[in-house]
Each structure stands twice: as structure tokens, then as C-alpha cells.
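The shown structure was predicted, so the numbers you read here are calculated from the model rather than taken from an experiment. Only this structure's heavy atoms are used, side chains among them; waters, hydrogens and symmetry mates stay out.
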Amino acid sequence: MNGFYNGYVGTEKFELMRNRFPNNHRLIGTVNDTGNYDLKFVFKSPMNILAKVLLVLGILISIISLIKGNWILPIVFIIFGVIMFADFKLKEKKEINLFTDKLLEFHKTDN
């Protein structure tokens, strides 16, 4: 779409990344039963692996801290996790809206 995204586009699936730096996310669209695309916004590799490892590590440290009677560390991890989750969801909403706007703009210029 005019150099705004790069990636793979096939008949059943597409994976696009926005051309900007830094960019640790990608947009994945897969065709559903009705013929429409389901959009997902996910981390690129290796960020997706790092996010999962940090999540498991945070849970383990929180459990160990709770067993030892320390409530401060789990509370900090929960607050940090909620902030990161909210940031990811806001970026997801922004990126999907931007993608649909660019797709509609491209479709209008194509006709």
C-alpha cells in the first residue's frame, strides 16, 4: 500500500508490518468462514518469545515472593503488567484503525 506496509499477502492470509522504526508488531489477517478477514495484532519474533518468558518469570517471582510474605513485588508486577497490557491494546486499536484507513484510501485510488 504505497510503501506504508511491507510483508506477505496471500489468498488466505496476510502478514504486514508498518514501515517505521522501531516496529515490534505485525498485523495478521486470516480469512474466516464468511470470506472476511480476522485481524490480529501481535509482537514480531523474537519479541513474542521474550514477552512470554517475562510473563512466566514475573508469575514465578510473584509466587515465590508471596510464599515468603513479600507483597510489594507482586503488586509492582501487577501494576506494571496492567500498564503494558493497556499500552498494547491501545497500539492494537490504533494500528488496526490506521490499516483500515489506508486500505480504504488505497481502494478509492485504485478505482
Task: Joint cluster assignment, Leu16 & Leu103, ILVMFWY side-chain distance < 4.5 Å - done: yes
Task: Leu39 and Phe14, any side-chain heavy atoms less than 4.5 Å apart - done: yes
TODO: Would you indicate whether the side-chain heavy atoms of Leu98 and Arg18 approach each other to under 4.5 Å?
DONE: yes
- [ ] State, yes or no, whether a side-chain contact exists between Glu95 and His25 at a heavy-atom distance under 4.5 Å.
- [x] no
Task: Val31 versus Thr11, closest heavy-atom pair with distance - done: CG2-O, 3.7 Å
Open item on the list: So, taking the atom named CZ in Phe77 and the one named OG in Ser65, what distance separates them when rounded to the nearest 0.5 Å?
Closed with: 7.0 Å
TODO: Report yes if some heavy atom in the side chain of Tyr5 is under 4.5 Å from a heavy atom in the side chain of Asn19; otherwise report no.
DONE: no
Task: same_hphob_cluster(Leu50, Phe43) at 4.5 Å side-chain heavy-atom cutoff - done: yes
TODO: Could you pull out the closest heavy-atom pair between Ile72 and Asn70, with the gap in Å?
DONE: N-OD1, 3.1 Å
Task: From CD1 (Ile78) to CD1 (Ile59), nearest 0.5 Å - done: 10.0 Å
TODO: Applying side-chain contact (heavy atoms from CB on, under 4.5 Å) between Phe41 and each of Lys89, Lys94, Lys93, Lys91, report the one that passes.
DONE: Lys91
TODO: Kindly work out whether a path of hydrophobic side-chain contacts (I/L/V/M/F/W/Y, heavy atoms less than 4.5 Å apart) joins Phe88 to Met47.
DONE: yes
Open item on the list: Is there a side-chain contact between Val42 and Asn48 in this structure, where contact means two heavy atoms from C-beta onward sitting under 4.5 Å apart?
Closed with: no
Task: Nearest-0.5 Å distance, NZ of residue Lys44 to CZ of residue Arg26 - done: 9.5 Å
Task: Within-4.5 Å side-chain heavy-atom neighbours: Tyr37 and Thr30 - done: no
Open item on the list: Quick one: does any side-chain atom of Asp87 pair with a main-chain N or O of Leu90 as donor and acceptor, under 3.5 Å?
Closed with: no
- [ ] Quick one: pull up CG in Leu73 and CZ in Phe80 and give me the separation to the nearest 0.5 Å.
- [x] 12.5 Å
Task: Within one Ile-Leu-Val-Met-Phe-Trp-Tyr cluster: Leu27 and Val9, side-chain cutoff 4.5 Å - done: yes
TODO: For the residue pair Ile28 and Lys13, establish whether any side-chain heavy-atom pair is separated by less than 4.5 Å.
DONE: yes
Task: Approximate separation, where rounding is to 0.5 Å, of Ile67 CD1 and Ser62 OG - done: 11.0 Å
